[in-house]
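Remember, it's a predicted structure, so these values are computed and weren't measured experimentally. Start at 1 with the first residue, then count along the sequence.
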Amino acid sequence: MAKIGISVNSTTTRKVLKALSIFGGVQVITILCSIVRTKLVALWIGPAGVGLLALYNSTMEFLSTSTQLNLRQSAVRDLSQAKNDIDRQRLMAVVRTLSFVLGFCGMVLVALFCSALSLWAFDDTKHWLAFVILSPMMLFSAIASGEWAIMQGFDKLKALARSSAFAALTATVAAIPLFYFLRLKAIVPVILVFAFANALYAMIFHVRTPGRRYTSLSTAFAQGQPMLSLGLYLTVSAAVTLLASNIFIVYLNRSFTAEITGLYQAGYTLVNTYVGMIFTAIAMEYYPRLASVAVHPRRCEVIVTHEIKIALWILLPVIVLFIVFKSLIVKILYAPTFEAILPYLSLAIIGVTFRAVSWCMAYVMLARGDGRIYIVTEVASAVFYLALNIPLFGAMGFDGLGLAYIAWYAVYTAICYAVYRYRYHMRLRRGVWPLLLLVLAAGITTHFICSYLNI
């Protein structure tokens, strides 16, 4: 057990657990707000409403990622490596200027191409006005992302946590009457309200600086070149990933029904968003710390191995409990009509084990600024996602999607490990693989026991 364990008394572990506690609490608040929002959509609008929400959200996330050049992630790397106050002030002004300009350009583009976006997402042009209304979301999202990157890069995690928590609470309170009175017509305004709340509280809790808040465009693009270069690679990678997700959602919507789309999105949200809060919380502290030592392979090895072990130990009870209580979770978070996704949940949650390992290794590529290889890995991941999901869903329904999720992340883990081992000449230290097998065994055993007992 000593080989696969971690020391809870080490400085690094305490720092990670502190960040996890801060953002774990924020994630709980965010999830509770999401539960309320999703529950209202499920009860007042039904699976079709969840599917429509998924279509708008996935399309806007794809556009937001594409137009913002993923400054949210690329800026954290440069900010965490700043050596003094002058560098920090300069970088903050650059990030804020770039965020505003890119967000404004994205807003204009969405408004101009509203009919094309409607045709892409819904196979008609009737929803063009919805995209015009949603276009300011691009600016709100960019402003919030820029401020969040600054907070994360400068280790202002409490401010970032407060910003996220207050935004979620405020937007949820505003969403309740909208859903009650407008029902299906409330979906577009609610999405916009959430984007606005994120930008508002990001500005309220922003990192103060004695210097200028913004800089000139020429200075911003000249000094922000490293961020933009890495961001461009990340944008292509993220756009490919979101495009694959959007393709599959559109495929479900066109080949089956909006209800099937809503059911899938509900299950995917449970596994990736609710369980994924663990990764989100850990990443807030992990990514800047990894970026600060990116040029030292041995120190990177220690950090990555330690992070994988923490993630797996946390996931061990989460996976077991999730499988056992999956039916209750669906009833609480959604409605009995969503129980068709139970086979998917029981299998996909096992795949989260591979996701934890691959996630920790993939961050090394970002920390080192290796944008090209990151594109290769993410494109490969997107290809396997579609290549597994479409045929397995057609053959086995939601059971097939669960198996596809496991296979998808198993393959992605192998890809990330190949890059980690042979491109960067680093290795995962003792204890990772036995711990991985332990968590997998626990998840698989629980799945078969629950299937046999029909729970």
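Each salt bridge (Lys or Arg N to Asp or Glu O under 4.0 Å) pair with one or both residues in residues 95-121, not counting sequence neighbours, appears once here: Arg96-Glu147. Each salt bridge (Lys or Arg N to Asp or Glu O under 4.0 Å) pair with one or both residues in residues 64-79, not counting sequence neighbours, would appear here, but there are none. For residues 344-359, there are no salt bridge (Lys or Arg N to Asp or Glu O under 4.0 Å) pairs, not counting sequence neighbours. Sorted by first and then second residue, the side-chain hydrogen bond (donor to acceptor under 3.5 Å, both in side chains) pairs involving residues 127-142 (not counting sequence neighbours) are Ser64-Ser141, Gln68-Ser141, Asp124-His127.
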Query raised in the report: Given Tyr251 and Asn389, is the side-chain hydrogen bond (donor to acceptor under 3.5 Å, both in side chains) satisfied, shown in steps?
Result: CA-CA 11 Å; Tyr251 157 76; Asn389 273 15; over 6 Å; no

Query raised in the report: Tyr412 and Trp359: ring-ring contact (aromatic ring centres under 6.0 Å, His included), yes or no, with the steps?
Result: CA-CA 9 Å; Tyr412 184 62; Trp359 173 84; over 10 Å; no

Report task. Any chance you could lay out the ring-ring contact (aromatic ring centres under 6.0 Å, His included) test for Phe248 and Tyr264, step after step, and finish with the verdict? Result -> CA-CA 10 Å; Phe248 186 64; Tyr264 165 72; 5.0 Å; yes

Query - Stepwise ring-ring contact (aromatic ring centres under 6.0 Å, His included) check, Phe131 with Tyr56 - result: CA-CA 9 Å; Phe131 284 103; Tyr56 279 124; 5.6 Å; yes

Requested in this report: Step by step, work out the ring-ring contact (aromatic ring centres under 6.0 Å, His included) result for Tyr385 and Trp408.
Outcome: CA-CA 6 Å; Tyr385 167 80; Trp408 172 33; 4.8 Å; yes

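Minimum interatomic distance between Ser99 and Leu71 (heavy atoms only, all atoms of both residues): OG-CD2, 3.4 Å. The minimum heavy-atom distance between Ile415 and Ala380, with the atom names listed, is CD1-CB, 3.8 Å. In plain terms, the two heavy atoms of Cys416 and Ser358 that are nearest each other are SG-O, 3.9 Å. When all heavy atoms of Thr353 and Leu436 are compared, the closest pair comes out as CG2-CD1, 3.2 Å.
The 12-atom threshold is exceeded at CZ of Phe205, counting heavy atoms of other residues, nucleotides or ligands nearer than 6.0 Å. The environment of Tyr214 atom OH is dense: over 12 non-hydrogen atoms of other residues, nucleotides or ligands sit within 6.0 angstrom.
Judged as a side-chain contact (heavy atoms from CB on, under 4.5 Å), and not counting sequence neighbours, the contacts of Val193 are Ala171, Ala174, Leu178. Applying the side-chain contact (heavy atoms from CB on, under 4.5 Å) test to Thr241 and every residue at least two apart in sequence or in another chain returns Glu378. Applying the salt bridge (Lys or Arg N to Asp or Glu O under 4.0 Å) criterion to Arg421, with sequence neighbours excluded, gives no partner residue. Under the side-chain contact (heavy atoms from CB on, under 4.5 Å) criterion, Leu437 pairs with no residue, sequence neighbours left out. Not counting sequence neighbours, the partners of Tyr233 by the side-chain hydrogen bond (donor to acceptor under 3.5 Å, both in side chains) test are Arg372. By the salt bridge (Lys or Arg N to Asp or Glu O under 4.0 Å) test, Arg427 pairs with no residue at all, sequence neighbours left out. Residues satisfying the side-chain contact (heavy atoms from CB on, under 4.5 Å) test with Val108, not counting sequence neighbours, are Phe104, Leu112. Among residues two or more places apart in sequence or in another chain, the salt bridge (Lys or Arg N to Asp or Glu O under 4.0 Å) test is passed with Arg88 by Asp85.
Partner of Val95 under the side chain to side chain contact (heavy atoms under 4.5 Å, CB included) criterion, chosen from Thr215, Ile150, Val76: Ile150.
At distances below 3.5 Å, at least one donor-acceptor pair connects side-chain atoms of Thr97 with backbone N or O atoms of Ala93.
By the 30° and 60° cut-offs, the orientation of the rings of Tyr201 relative to Phe166 is parallel.
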